[in-house]
Amino acid sequence: MDCIRKYFPGNPIHIHAQEQVERFYHQWGFQSEGAPFILAQTPHVKMTHPAI
């Protein structure tokens with residue numbers, strides 16, 4: 001997160017996280033968006049962290 005603040009300040013972060021680690025990303029301030037989907041034969045969820 002420090003690198004994000006330094007090199008990309010003010011930009012939200014968008015990721016596709018595997019469902020099994022969704023809670024981990026919630027601990028870092030990410031919010032889940034929409035329904036789960038399959039990517040590379042694994043359930044994923046789109047997640048966004050607000051601009052930092």
Side-chain angles (χ1 to χ4, degrees):
M1 299 301 277
D2 291 334
C3 287
I4 300 282
R5 274 188 206 96
K6 182 176 179 178
Y7 296 107
F8 304 100
N11 293 298
I13 305 164
H14 303 282
I15 63 171
H16 294 157
Q18 291 183 6
E19 271 189 328
Q20 63 197 28
V21 294
E22 188 175 2
R23 285 185 186 174
F24 170 79
Y25 285 108
H26 281 155
Q27 294 174 358
W28 287 94
F30 285 83
Q31 296 297 315
S32 302
E33 296 182 1
F37 58 94
I38 302 297
L39 179 66
Q41 302 174 344
T42 306
H44 282 70
V45 63
K46 181 177 179 183
M47 302 187 82
T48 301
H49 190 287
I52 53 175

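- The cluster map of Ile, Leu, Val, Met, Phe, Trp and Tyr, joined by side-chain heavy atoms under 4.5 Å apart, puts Ile15 and Leu39 in different clusters.
- Taking NZ of Lys46 as the start and CZ of Phe30 as the end, the distance is 12.5 Å to the nearest 0.5 Å.
- Other residues, nucleotides and ligands contribute at most 12 non-hydrogen atoms within 6.0 Å of the OH atom of Tyr25.
- Across Gly29 and Pro50, no two heavy atoms sit closer than the pair O-CD, 3.8 Å.
- Annotation: side chain of Pro9 is not in contact with side chain of Ile52 (no heavy-atom distance under 4.5 Å).
- Under a 3.5 Å cut-off, the side chain of His49 and the backbone N or O of Trp28 do form a donor-acceptor pair.
- At least one side-chain heavy atom of Glu22 sits under 4.5 Å from a side-chain heavy atom of Ser32.
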Ile13 and Met47: CA distance, side-chain angles, deciding distance, side chain to side chain contact (heavy atoms under 4.5 Å, CB included) verdict: CA-CA 8 Å; Ile13 305 164; Met47 302 187 82; over 6 Å; no
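- In this structure, a donor-acceptor pair under 3.5 Å is present between the side chains of Glu33 and Thr48.
- We find the CZ-CD distance between Phe24 and Gln18 to be 12.5 Å, quoted to the nearest 0.5 Å.
- Atom CZ of Phe8 has 12 or fewer heavy atoms from other residues, nucleotides or ligands within 6.0 Å.
- Note that CD of Glu19 is 7.5 Å distant from CD1 of Ile38, once rounded to the nearest 0.5 Å.
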